[in-house]
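Scroll down for the structure; my scribbles are underneath it.
Computed from a predicted model, the values in this text were never measured in an experiment.
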Amino acid sequence: MIRLLSLLLLLCLPLAATEPVAAQSTASAVAGLGPRLDHAASDPAMGSLKTVIVARDGRVLSERGFHGHSPSESTNIKSASKSIISALVGIAIDKGLLNGPDQKIAPILKADLPATPDPRINDITIGNLLSMQAGLDRMSGPNYGHWVSSRNWVRFALSQPFVDQPGGEMLYSTASTHLLSAILTKVGRRSTLALALAREWLGPVDGFRIGAWERDPQGIYLGGNQMAMSARSLLAFGELYRNGGKTADGRQIVPADWISQSWQQRTNSRFSGDEYGYGWFTRQIGGEQVHFAWGYGGQMLYIVPSLDLTVVMTSEESGSSARNGYRDLLHGLLADIIGAVRAA
């Protein structure tokens, strides 16, 4: 109980900045983009909005901080970090540390399997975890607190009852991406954070930084939540995907084929109807196909391949962005941005 209370207190504190504070806004190179962002800043319904960065073909068109916030300050990107876990899995497969999405997870996590497991646990694959189709009961929403207060998060997640078959309906669960973090830690023989920042992993991506990141009682970094990152760092990650997995200087970091696989529809969210791949959502916004990472409260990374567009939006973490319609307002703001860019 003491550990849980300490953790809750830590999460209530503001996250420290990881970069020098920059100007709150840069001039837009696209006519019409500035007024749209000005309107968002003055809209009471958008009061949770902290930052917006718009980049096209690697060039920042506009960068804004709202309500005293800066694009350089660190924020908890929440479940948007699931897309980063997906990238690490793709790199691990490319390096031969994992066999591929069809690899079964039970042999890797055998030390934490239940004493008498449901036989279906032997059917769960890496791909099932990535696409939220493991079949195990969800450890998000009302079950999240009970899960993270357990003594062993990996073992607790693997001991949950099956509510569907592996490969069945989408069951959005942060436990699935945490199991991936545990798998990466085992096969990579380093922590997930060390792998992410390694020179041969995501370390070479200019501007990519990870600040504070929660760990479970066994020291495994929480796959898919509680990761601190600035809007600029999130943009750097998004630019990597927009550019086919290559850095600005042409170094291939994430295999291009893995990005295609990640954006391929595997299932659909039962809450929003959006397509879901390997850690990425997809939907039509502003008449364009958009792939996006989404975190609680409105932490958004949008990639619009048809326009070479990458957009980051960060928000306060105070409430659900889906139930109160705030996420739809962010989608609407993106539609306005797309309209301005298309008209330029």
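- Separation of the F156 and H146 ring centroids falls under the 6.0 Å cut-off.
- With respect to the salt-bridge test (charged N to carboxylate O, under 4.0 angstrom), the residues E200 and R190 qualify.
- Judged purely by distance below 3.5 Å, without hydrogens or angles, the side chains of E316 and S318 never pair a donor atom with an acceptor atom.
- Side-chain polar atoms of S230 and S74 form no donor-acceptor pair below 3.5 angstrom.
- Between W263 and Y241, the angle of the ring planes lies from 30° to 60°, which puts this pair in the tilted group.
- Hydrophobic side-chain contacts under 4.5 Å tie F271 to no other Ile, Leu, Val, Met, Phe, Trp or Tyr residue.
- In D206, the CG atom is not crowded: 12 or fewer heavy atoms of neighbouring residues, nucleotides or ligands sit closer than 6.0 Å.
- Looking at W280 and L301, their side chains come closer than 4.5 Å, going by heavy atoms from C-beta outward.
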For this session: Decide yes or no on side-chain hydrogen bond (donor to acceptor under 3.5 Å, both in side chains) for S173 and S140, but give the supporting numbers first.
Result: CA-CA 5 Å; S173 176; S140 288; 4.7 Å; no
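- For the 3.5 Å distance criterion, the side chains of H291 and T282 qualify, holding a donor opposite an acceptor.
- For the residue pair N76 / Q226, a side-chain donor-acceptor distance below 3.5 Å is found, with atom types taken as modelled.
- Nearest heavy atom pair, residue L88 against residue A196, reads CD2-CA, 3.8 Å.
- Dense packing is recorded around NZ of K95, with more than 12 heavy atoms of other residues, nucleotides or ligands lying under 6.0 Å away.
- No donor-acceptor contact under 3.5 angstrom links the side chains of S131 and T267, judged on distance only.
- A centroid separation of 6.0 Å or more is found between the aromatic rings of Y221 and H178.
- A donor-acceptor contact shorter than 3.5 Å is absent between the side chain of R64 and the backbone of S70.
- Side-chain heavy atoms closer than 4.5 Å link hydrophobic residues (I, L, V, M, F, W, Y) into clusters, and following such links, even through other members, never connects L158 to L171.
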For this session: Might you work through the salt bridge (Lys or Arg N to Asp or Glu O under 4.0 Å) test for R266 and E275, ending with a clear yes or no?
Result: CA-CA 7 Å; R266 309 285 168 177; E275 298 177 6; over 6 Å; no
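- W201 and L193 fall within a single hydrophobic cluster, where Ile, Leu, Val, Met, Phe, Trp and Tyr side chains are chained together by heavy-atom contacts under 4.5 Å.
- A donor and an acceptor atom, one from each side chain of S83 and S86, are nowhere located under 3.5 Å apart.
- Note on ring orientation: taking the six-membered ring where Trp is involved, the planes of Y172 and Y276 are perpendicular (angle over 60°, cut-offs 30° and 60°).
- Using bins of under 30°, 30° to 60° and over 60° for the plane-to-plane angle, the ring pair Y302/F292 lands in the tilted bin.
- No side-chain donor-acceptor contact under 3.5 Å links W153 to the backbone of D216.
- Looking only at atom types and distance, the side chain of T174 has a donor-acceptor partner in the side chain of K82 under 3.5 Å away.
- Of all heavy-atom pairs spanning A236 and G207, the tightest one is CB-C, 3.9 Å.
- For the side-chain contact (heavy atoms from CB on, under 4.5 Å) with E169, the qualifying choice from D164, V163, N268 is D164, the only one to do so.
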Exercise. When you look at V89 and L130, which way does the side-chain contact (heavy atoms from CB on, under 4.5 Å) test go after all the steps?
Worked result: CA-CA 9 Å; V89 171; L130 286 163; 4.0 Å; yes
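- Side chains of T310 and E239: a donor on one and an acceptor on the other come within 3.5 Å.
- D308 has no carboxylate O lying under 4.0 Å from a charged side-chain N of R56, or vice versa, which leaves the two without a salt bridge.
- Minimum interatomic distance between N128 and D123 (heavy atoms only, all atoms of both residues): OD1-O, 3.6 Å.
- Residues Q160 and M139 have side chains in contact (heavy-atom distance under 4.5 Å, counting atoms from C-beta outward).
- Minimum interatomic distance between I210 and M227 (heavy atoms only, all atoms of both residues): CG2-CG, 3.8 Å.
- Ion pairing between a basic and an acidic side chain is recognised when a charged N comes within 4.0 Å of a carboxylate O; R59 and D57 show no such pairing.
- In the model, Y326 has a side-chain atom that pairs as donor or acceptor with a side-chain atom of S315 under 3.5 Å.
- In summary, the side chains of T192 and T185 do present a donor paired with an acceptor at a separation below 3.5 Å, with no hydrogens or angles considered.
- Closest approach of K104 and N122 over heavy atoms only: CD-O, 3.4 Å.
- What you find for L129 and S176 is that their closest heavy atoms are O-CB, 3.6 Å.
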